[in-house]
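Worth saying up front: this structure is predicted, and the values here are computed from it rather than measured. A, B, ... follow the sequence lines: proteins, then strands. Residue 1 opens every chain.
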Protein chains: 2
Amino acid sequence: MTTINDIAKLANVSRSTVSRHLNKNGYVSQEAQERIDKVIQETSYLPSQSAKSLRTKKTGVIGVILPKISTETASRVVDGINQMLQENDYQMLLTQTSLDKDKEIAFIKLLQSRNVDGVILLGTNTDEALVNEIQKADVPVVVLGQNMPSTTSISYPDYNATVEMITYMLENGYRDISFIGVPEDDPAVGILRKKAYIDTLKKYNLPILEERMAFGDFSIESGYDAMQTIMMHSSQPNAVFVVTDNMAVGAMQYLKENHYSIPKDIGMATTGVSRLSKYIEPVLTTIDFQNEDAGIAITRLLMEKLNGYNKTKKLTHTYRRLSGNSL
Amino acid sequence: MTTINDIAKLANVSRSTVSRHLNKNGYVSQEAQERIDKVIQETSYLPSQSAKSLRTKKTGVIGVILPKISTETASRVVDGINQMLQENDYQMLLTQTSLDKDKEIAFIKLLQSRNVDGVILLGTNTDEALVNEIQKADVPVVVLGQNMPSTTSISYPDYNATVEMITYMLENGYRDISFIGVPEDDPAVGILRKKAYIDTLKKYNLPILEERMAFGDFSIESGYDAMQTIMMHSSQPNAVFVVTDNMAVGAMQYLKENHYSIPKDIGMATTGVSRLSKYIEPVLTTIDFQNEDAGIAITRLLMEKLNGYNKTKKLTHTYRRLSGNSL
DNA sequence: CTGAAAGCGCTTACAG
DNA sequence: CTGAAAGCGCTTACAG
């Protein structure tokens, strides 16, 4: 392997001079520059980032922690993150927790031992242990998808967007709206979206019925099961709001298999927009959280922190409602 | 930041001993071990990977180069890669070329300067410049999706699977089958799948018509355009085979918009299985290349190389045909 | 404009 | 069983 010493020797300068030239700080004579460039060309020398990092305490690498890679929402966010990182000459170290909370904490540690310059966490909870770990991290950690205490984070407009959607359903005449959610250890998706559903029904003086609510674990299968649970009950709803698109797909499958027509027998709305949702029959009415933009936005906040801005910022991302024919 | 020196001092041993204990090589007395563990606990010490890498020339990081992250095929492959890497305690550095060939070469260099232990490339071409770069890399590079010269690689069964699908279409009575492909600088998708289409028609003594073929660039839009090009021609086909699912979605959109019914007016088959394809109407008949398994398999080959196996291996991945109602 | 020297935080023979 | 020493490949004041 070629090192800076080899280059120095071949170019007849000291390695300090080579380093100065490579990093474009300090003066290097024209002649020296040319000799160095020539030698670098010939040897196709590449500076060792390990050595560089050890000295400078910077790696140019950002760690990204996400629940699951092969999900459309996540891959879009990653796409946005990646764009922004590439613009800023950062590389991305990707880790996946498979929704295991312990791994979130473990990865924050591991990423630090890898000397990443910062961490982007796609949040699934705001447990105290996690908050503590983020606090004591000695690199900036930013969070997308949860309002993480004392941490720079971007939330999705879980409450408002859900209120708007439920209201929209009510205005379209649906009165018996059921709800498929996730457990409450996820404050954003589990608590806020459910609260929005309940609050909106109350506002319209409608009863909140336990049997109209069921909960899944983000998977397609769990959406199927939740829909089944709801429909097995004697008093059936005429609409359903599903908090994530994956579970909505499962719910749709259950309804199709059991010959309920959407929207004739039961209206459906959800959150998250699929690349294919335009082509599904029926086209789902959904809330688009614009994940790619969110990925860009959270990365921008991290870049700010890396540039010395050290106040905690809290943002809420935008959204738009996409109308289909499932209502 | 806590370093090995701090630990050594606090535990009253030399840093050699701490190192020996951490890496579990060489003897360390029970007492010393306990003192060290205690101090590590208290300080929540994490060894610097940069320093470690500089010494050992190993980083425990694998570089992954892919054309585009937010594509279902890619994210499934990444999922498989990630599973296998996690089992082997490796981390993943992810890069995206956006289908820019120069970036493939640039990333191979960049990843090396980051001292990755190996590289997995999702191949889009087998250009000489790329082959050379792979050859002269001083870490193992393995390739998925192309039969890369002189390189350990796993190909998809592009030719055979396509022959089988076209044959299946012919056996189902379709005679005027059109084809949507990609340019020939992609040997696997561009050349082999097209050749399979042509060879199979020839075998059935059917004419090969230029106007029955159109080409896109993997995007949904290009599939739309290609389908349009074909349908604008006076002699219309009664079926189409599209080489990728993304382009198939575009082609479907064109057909729907122009009130062609699938499969009544025109049958369709493609490659690649979408999470949602079961729920699209019609359900697409498709070839499933089982991308997650492919990701696992290519990572396994890389692990073998990392363990000293240095022969070049060439594998072809499996596939299965999924029948829908689009034919 | 340039080079010698120190040091980043580790590991690894080597000597004891 | 343990420690001193050398060295991995860089960068960065500092002196000239």
Output the rounded distance in Å from CG (B:N5) to P (D:dA5).
14 Å
Salt bridge or not for A:E304 and A:R300, using N-O below 4.0 Å?
no
Is the ring pair A:H317/A:Y156 parallel, tilted or perpendicular, if the boundaries are 30 and 60 degrees?
perpendicular
Under 4.0 Å between a side-chain N/O of B:T17 and OP1 or OP2 of D:dT2, yes or no?
no
With a 4.0 Å cut-off on heavy atoms, is B:S48 in touch with a base, just the backbone sugar-phosphate, or nothing at all?
sugar-phosphate
In this structure, how many angstroms lie between the C1' atom of C:dC10 and the CZ atom of A:R114, rounded?
14 Å
Give a yes/no answer on whether the side chain of B:S16 brings an N or O atom under 4.0 Å of OP1 or OP2 in D:dG3.
no
What stems show up for DNA chain D when you take Watson-Crick pairs (N1-N3 plus N6-O4 or O6-N4) and G-U wobbles (N1-O2, O6-N3), both under 3.5 Å, and require three or more consecutive pairs?
C:1-3 with D:14-16, C:5-12 with D:5-12, C:14-16 with D:1-3
For DNA chain C, the residues among residues 50-61 of chain B that have a non-hydrogen atom under 4.0 Å from it
B:A51, B:K52, B:L54, B:R55, B:T56
Atom CE of B:M1 and atom C1' of C:dC8 are separated, to the nearest Å, by 9 Å
Salt bridge or not for A:K57 and A:D117, using N-O below 4.0 Å?
no
Under a 4.0 Å threshold between the charged nitrogen and the carboxylate oxygen, would A:E42 count as salt-bridged to A:K38?
yes
Interface with DNA chain C, restricted to residues 20-36 of chain B and to heavy atoms under 4.0 Å:
B:N23, B:N25
Side-chain N or O of B:T3 versus OP1/OP2 of C:dG9: is the shortest distance under 4.0 Å?
no
